[in-house]
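Scroll down for the structure; my scribbles are underneath it.
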Protein chains: 2
Amino acid sequence: MVGGKLRSQRHNRRVQQGSVILHAEMHCLEEAGRLTPRQYLNSVLYTTLSPCDMCSGTALLYKIPKIVIGENQTFQGPESYLRTRGIELVVLDDVECKALMDELIAAHPQLWNEDIGEV
Amino acid sequence: MVGGKLRSQRHNRRVQQGSVILHAEMHCLEEAGRLTPRQYLNSVLYTTLSPCDMCSGTALLYKIPKIVIGENQTFQGPESYLRTRGIELVVLDDVECKALMDELIAAHPQLWNEDIGEV
């Protein structure tokens with residue numbers, strides 16, 4: 001969301017494009033295009049899951065001030081680090097997001113492990 | 001470099017592809033494709049400049065153990081954080097890398113500011 005309006009909405013593209021960098025958050029930012037610093041400062045990133053190190057770092061790079069996270073029980077990224085760097089995090093603990101992740105992991109455990117860089 | 005062999009070598013694509021995520025490091029990882037955890041653990045990332053928050057976070061996600069940095073005077077990313085998370089950093093303080101960055105910033109100051117997310 002930029003300035004209260006939906007700017008882009010995307011999914012992970014690891015399988016569809018063989019991409020190792022297009023997590024949903026990254027794809028959203030890429031599709032949103034080259035925004036001004038002011039636009040980034042007026043944006044909120046909404047995620048199903050707690051952002052990983054890559055997506056967290058990207059939010060820091062562009063100084064996105066707020067991230068609304070569906071749930072962080074399935075996976076938790078560097079949330080405390082993001083807070084120390086000044087990003088506001090809202091964790092919704094949403095049952096639908098959790099169910100969505102449970103379903104994905106049950107169906108594709110290897111893909112899940114690959115996507116979060118797990119050995 | 002993966003297992004001592006050059007796997008990919010890329011440049012920033014902000015202008016060429018209008019990309020906000022394809023810093024050289026990101027582009028390298030994307031071009032290298034879906035590697036195994038073992039391959040990432042045997043890789044070294046070589047950068048002209050100290051990696052920004054995004055590229056640093058991506059190295060953390062994929063557990064790249066070592067980054068060789070050309071120089072960190074023009075810009076310094078979260079190097080101490082990377083070290084606390086276990087990544088080995090080697091800063092070469094290379095005069096050629098520094099001259100390359102000086103030239104770029106003198107020619108395109110706005111582009112440089114946009115690329116590092118500066119207001």
Of all heavy-atom pairs between [X] and [Y], which one has the smallest distance, and what is that distance?
X: B/Tyr40; Y: B/Leu35; answer: CE1-O, 3.5 Å
X: B/Arg7; Y: B/Ala32; answer: NH2-O, 2.9 Å
X: A/Pro78; Y: B/Arg85; answer: CB-NH1, 4.4 Å

Between [X] and chain A, with a heavy-atom cut-off of 4.5 Å, which part of the residue counts as in contact: side chain, backbone, both or neither?
X: B/His27; value: neither
X: B/Ser56; value: neither
X: B/Arg14; value: both

Under a 4.5 Å heavy-atom cutoff, which of [options] has the most pairs with chain B?
options: A/Gly33, A/Ser19, A/Ala59, A/Cys55; result: A/Ser19
options: A/Arg38, A/Met26, A/Met54; result: A/Met54
options: A/Thr58, A/Val20, A/Leu29; result: A/Val20

Exercise. Could you check A/Val44, A/Asp94, A/Thr47 and say which one makes a side-chain contact (heavy atoms from CB on, under 4.5 Å) with A/Val68?
Key: A/Val44
Quiz item: Does the B/Ser50 side chain pair with the main chain of B/Gly77, one donor and one acceptor, at a distance under 3.5 Å?
Solution: yes
